[in-house]
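Just so it is clear, the model here is predicted, and its values are computed rather than measured. Counting starts at 1 for both ligands and their atoms, in listed order. Residue indices begin at 1 and follow the sequence shown.
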Amino acid sequence: MSNDIFRKGAAWIKGEIVPIDQATIGVTDWAVTHSDVTYDVVPVWDGAFFRLNDYLDRFEASMQAYRMDVGMDRAEMTSALHDMVSRSGLKQAYVAMVAARGTPKVAGSRDPRDCQNHFFAWCVPYIHVVKPEVAEAGVSLYIPNNVHRIPDQSLNQRVKNYHWGDFTAALFQAKDHGYETALLTDGHGNLAEGPGFNVFAIFGNKVVTPKQHVLHGITRLTALELCREHGFKTEERALSLEEFLIADEVFLTSSGGGIFPVARVNNHHFSNGSAGPKATRLREAYYDMLAQSGLRSAISY
Ligand code: PLP
């Protein structure tokens, strides 16, 4: 049942569901002092989670990669998420689940094994990483030449993480130059990803998306499936900036809004500076799929 105290969102923390602005974690938690966190974000659309099991698979793999044990199993995390969204009353929501390293049980310890790992979650009204009206007109992207994505060799980017220093620096540059958002390369001439999204390029009936130094997004997976259904061949591989700039169309993917056609990258225009027709069709197909029951887990409110 909808409740006004949860209008801005709800959080599940230490077994309790509270209004989002009452949820806090300690200042000495390594989540805060070291960005020592992994997390995931699943969309809720028309009162149901979309692909919840795929997001939980990735979240569990991330916790394992970071050697975290939050002391909760899959069923417990699933019911925490259902209970929290149900209590919030939100039918369209952005739902985050977080595994934090915690604070060492031995004061002052620098040994990560001493930390008490913990789980919390929160949900807020649905967030679009790019506003729908901007996406429909085609997004503008800025690629800086002096900031690159932190490479997989330094930080496994398949583990969803809070190391956003590169993205934040790039976003400042993008905004300073009047662009909507930023896209990073790997520093060796290949594309990586942007703040909260993966990138794709369409060449005739072929679609290419970078494979390394990127999160393997769940929307990236959905887009690859949709592309194949729409008759495209798909390739996950290195995509150079040079090749990218001669693509017919370009689009982005994120759980925060699905598929976003791109109109401009630096001074280069795609689709005459508007949203391309193929990317627009894929965007519509994504929203149809969000509403498709097979991959949805209904929430009881
Ligand atoms: N890349 C990064 C760095 C992200 O943070 C995100 C999502 O927030 C994505 C890609 C897209 O992933 P997904 O489609 O699972 O939302």
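- The other members of the hydrophobic cluster of Trp122, by chain and number, are Ile13, Val18, Ile20, Ile25, Val32, Val37, Tyr39, Val41, Tyr94, Val98, Phe120, Val124, Ile127, Val147, Tyr162, Trp164, Phe167, Leu184 (side-chain heavy atoms under 4.5 Å, ILVMFWY only).
- Judged by a 6.0 Å distance limit and a 45° cone about the ring axis, Arg264 is positioned over the six-membered ring of Tyr179.
- Every residue meeting the side chain to side chain donor-acceptor pair (under 3.5 Å) condition with Asn53, not counting sequence neighbours, appears here in chain and number order: Arg74.
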Distance dump, ligand 1 polar atoms to protein, N/O, under 3.5 Å:
{"unit_1": "ligand 1", "atom_1": "1 (N)", "unit_2": "Glu193", "atom_2": "OE1", "d": "2.7"}
{"unit_1": "ligand 1", "atom_1": "5 (O)", "unit_2": "Lys160", "atom_2": "NZ", "d": "3.4"}
{"unit_1": "ligand 1", "atom_1": "8 (O)", "unit_2": "Lys160", "atom_2": "NZ", "d": "2.5"}
{"unit_1": "ligand 1", "atom_1": "14 (O)", "unit_2": "Ile218", "atom_2": "N", "d": "3.3"}
{"unit_1": "ligand 1", "atom_1": "14 (O)", "unit_2": "Thr219", "atom_2": "N", "d": "2.9"}
{"unit_1": "ligand 1", "atom_1": "14 (O)", "unit_2": "Thr219", "atom_2": "OG1", "d": "2.7"}
{"unit_1": "ligand 1", "atom_1": "15 (O)", "unit_2": "Arg58", "atom_2": "NH1", "d": "3.0"}
{"unit_1": "ligand 1", "atom_1": "15 (O)", "unit_2": "Arg58", "atom_2": "NH2", "d": "2.9"}
{"unit_1": "ligand 1", "atom_1": "15 (O)", "unit_2": "Ile218", "atom_2": "N", "d": "2.8"}
{"unit_1": "ligand 1", "atom_1": "16 (O)", "unit_2": "Ser255", "atom_2": "N", "d": "2.9"}
{"unit_1": "ligand 1", "atom_1": "16 (O)", "unit_2": "Ser255", "atom_2": "OG", "d": "2.6"}

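- Between the side chains of His213 and Asn190, no donor-acceptor pair of N or O atoms lies under 3.5 Å.
- Considering CG of Asp36 and CG of Asn161, their distance stands at 10.5 Å, rounded to 0.5 Å.
- Sorted by first then second residue, the ring pair (Phe, Tyr, Trp, His ring centres under 6.0 Å) pairs that include residues 217-242, not counting sequence neighbours, number zero.
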